[in-house]
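Reckoned from all heavy atoms, side chains included, excluding hydrogens, waters and symmetry mates. Below, chain A is the first sequence line, B the second, and so on; all start at residue 1.
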Amino acid sequence: MSEASKSLNFIEHIVEEDLTNGFSKEKLRFRFPPEPNGYLHIGHASSICLNFGLGLRYDAPVNLRFDDTNPAKEEQEFVDAIKKDVQWLGYRWNTERYASDYFQQLYDWAVLLIEKGKAYIESQSSEEMAFQKGTPIVPGTDSPFRNRSIEENLELFEAMKNGEYEEGTLVLRAKINMGSPNMLMRDPIMYRVLHRAHHRTNTDWCIYPMYDWTHGESDYIEQVSHSLCTLEFAMHRELYDWFLDQVYDEKSIRPKQREFARRNLSHTVVSKRKLLRLVQEGVVNGWDDPRMPTISGLRRRGYTPESIRNFADTIGIAKRDNLIDVSLLEFHAREHLNKVAPRVMGVLDPLKVVITNYPEGGEEWLEAENNPEDESAGSRKLPFSREIYIERGDFKEEANRKFFRLKLGGEVRLKNAYIIKAESCSKDGEGNITEIQCTYDLKSKSGSGTEESLRKVKGTLHWVCVKHALEAEIRIYDRLFLDESPDTHKDKDFMEFINPNALKVIKGYLEPSLKNAQIEDRVQFQRLGYFCVDPDSTPGKLVFNKTVGLRDTWTKIQQNN
RNA sequence: UGGCCUAUGGUGUAAUUGGCAACACAGCUGGUUUUGGUCCAGUCGUUCUAGGUUCGAGUCCUAGUAGGCCAACCA
């Protein structure tokens, strides 16, 4: 649609430029390369939308490749969760790959490097190596093992592979330049010994390749044309290219690494390591807790894939540091949910209203529109009777003209029902209002077309019939952190900024049409916000998560006064 | 005693590659409305600094300033 007129981000410009310089469109190929050591978060969503979006734009294949070179941290559970999340976002990968599929090829190439004198076996401890590595401003010094004979290197490497060495004893290092200003070029480690079972290769290997050695070569094996990663890998590019040089064949596509800035969301953390801490320390109830900025958390919270994709599209891709206000994410949730979420009524802080001139024991079912934004959504029936609940905040004994709600002597429209007038109210010993007595205008029934029904009354309230009300658990969420950027304070741990009130559980009273709501159903509780049925729901007890509130100008007016 | 990257409204991203700085969010005004929602109209506000090249600079050059990243047998 408007795709053609949309401006390009800098990555798309690079692709376009490659195309104009003669790179064949058919050779375009991308990949999304998660490490299966945690759940995907909103930052990954940006990367997913970028890579798969490129695939869609150029009709090019996109692989899902798990970067599974560290069996100490990686698990099948995460592989499954990642696949589910990518699919849920609406993308289809060309093929499912694993870096571990390439272990043999990587090993063979490593042998080749040793034979060319480009790699050697290191016998020192990691402490000794770290010391010789220097610092960003002090050059490193050569390892005493740097000039081992090729024969000895070959022999030791094979022994490493055969499990003859303990973890931490030997590593294979690329022989590059200990004096390089780029620390990554100071003879980086290619292989380490790890006597661990891998989630796919089990105990086939006791040596595992490092990221830098694996990633570029995997891109090369898959003939990925553009390998996109985040900015912290910018320094790795020189090494990426160096490793590629060792195996590159002119007739093949040479992958090109380019880096973009990771997206930071306000009032949360977007880092697998930090999210893992929240899970492990019990701050949240798991990776998919609705307070989490994970894809699974957002899904459970009630976000739609469309809203996340639109969000990613709006924030774009660039290279500068950023802190995206969470209100932009919330905007996209509302924007989509407004179109698709059926309207229902629910009262979360009930105050009983008795309609004194309504017949005792009487009851009627009223017609209610399901979604004013979508005619095809149809309508439903709502029970109405003498006793109803309204929201406690919708009544005041006395109020000024700006209060478009119910006050003593005032009139208000009950959504889809009648106009009522507050006559009196009852209180308990402490002065709390316990009940309101109202009268209703029989002829004002919504949709009846009578003169009375067309009267303009300032204010329409949502309500629920007491007799038919469904009790449900409602989980209300607030931002997980009180600080907009909790993990950027040099002297403070991000955990210090946790919002202790990020979850509030209350009881709500809902209209009976919700009785058979299914898990992940999304609705709008009119005048309140969007809510989603939580997986904790059982046939006898519904649990709703508040996704996001409606825009609330009334609260704003009150705050400004 | 270094290297790499970045700098455009409050936030995020654009600018036909050197040609009138725009889009979205947020904010503020008003209108419509049986959701104080939606929708509609309007409004606020931007090129880090100093030089230079040019008829013309957000874009190119130089210097500065600020921020981020780099010393895991993590990715």
Candidates [options] - which lies nearest the side chain of [X]:
X	options	value
Lys73(A)	rA71(B), rC74(B), rU35(B)	rC74(B)
Lys133(A)	rG3(B), rG37(B), rA71(B)	rA71(B)
Lys415(A)	rU34(B), rC74(B), rG36(B)	rU34(B)
Glu373(A)	rU38(B), rA71(B), rA75(B)	rU38(B)
Ile324(A)	rA71(B), rG12(B), rU33(B)	rG12(B)

Sugar-phosphate or base contact per nucleotide [nucleotides 13-32 of chain B; S, B, -; heavy atom under 4.0 Å]
BSS-B-------S-SS----
Expressed as a whole number of Å, how far does the [atom1] atom of [N] sit from that of [M]?
N	M	atom1	answer
rU6(B)	rG12(B)	C1'	15 Å
rA71(B)	rA50(B)	C1'	36 Å
rA21(B)	rG58(B)	P	8 Å
rG68(B)	rC73(B)	C1'	27 Å

Does the side chain to side chain contact (heavy atoms under 4.5 Å, CB included) test come out yes or no for Val340(A) and Asp374(A), once each step is laid out?
CA-CA 8 Å; Val340(A) 300; Asp374(A) 177 9; over 6 Å; no
Heavy atoms of other groups near Lys421(A) NZ, more than 12 under 6.0 Å:
no
Provide, to the nearest angstrom, the distance between the NZ atom belonging to Lys490(A) and the P atom belonging to rC69(B).
7 Å
Could you tell me the separation between the CG atom of Leu276(A) and the C1' atom of rC74(B), rounded to a whole number of Å?
13 Å
Closest non-hydrogen atom pair between Met183(A) and Thr135(A), with its separation
SD-C, 3.3 Å
From CA spacing to verdict: side chain to side chain contact (heavy atoms under 4.5 Å, CB included), Leu550(A), Leu528(A):
CA-CA 6 Å; Leu550(A) 256 24; Leu528(A) 297 177; 5.8 Å; no
Test side chain to side chain donor-acceptor pair (under 3.5 Å) applied to Ser180(A) and Asn177(A), step by step
CA-CA 6 Å; Ser180(A) 171; Asn177(A) 177 10; 4.7 Å; no
is_close_aromatic(Tyr211(A), His215(A)), centroid dist under 6.0 Å
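Ring-ring flag for Tyr211(A)/His215(A): true, centres closer than 6.0 Å.
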Give the dot-bracket string for RNA chain B, reading 5' to 3', where a pair is Watson-Crick or G-U wobble with both distances under 3.5 Å, ( ) marks pairs inside the strand, [ ] marks pairs crossing earlier ones, | marks a partner on another strand, and . marks unpaired.
.((((((..((((.....[..)))).(((((.......)))))....(((((..]....))))))))))).....
Arg343(A) vs rU38(B): side-chain N/O to OP1/OP2 distance below 4.0 Å
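No, outside the criterion.
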Return the orientation label for the Phe384(A) and Tyr418(A) ring planes: parallel under 30°, perpendicular over 60°, tilted otherwise.
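Rings of Phe384(A) and Tyr418(A): tilted, as their planes differ by 30° to 60°.
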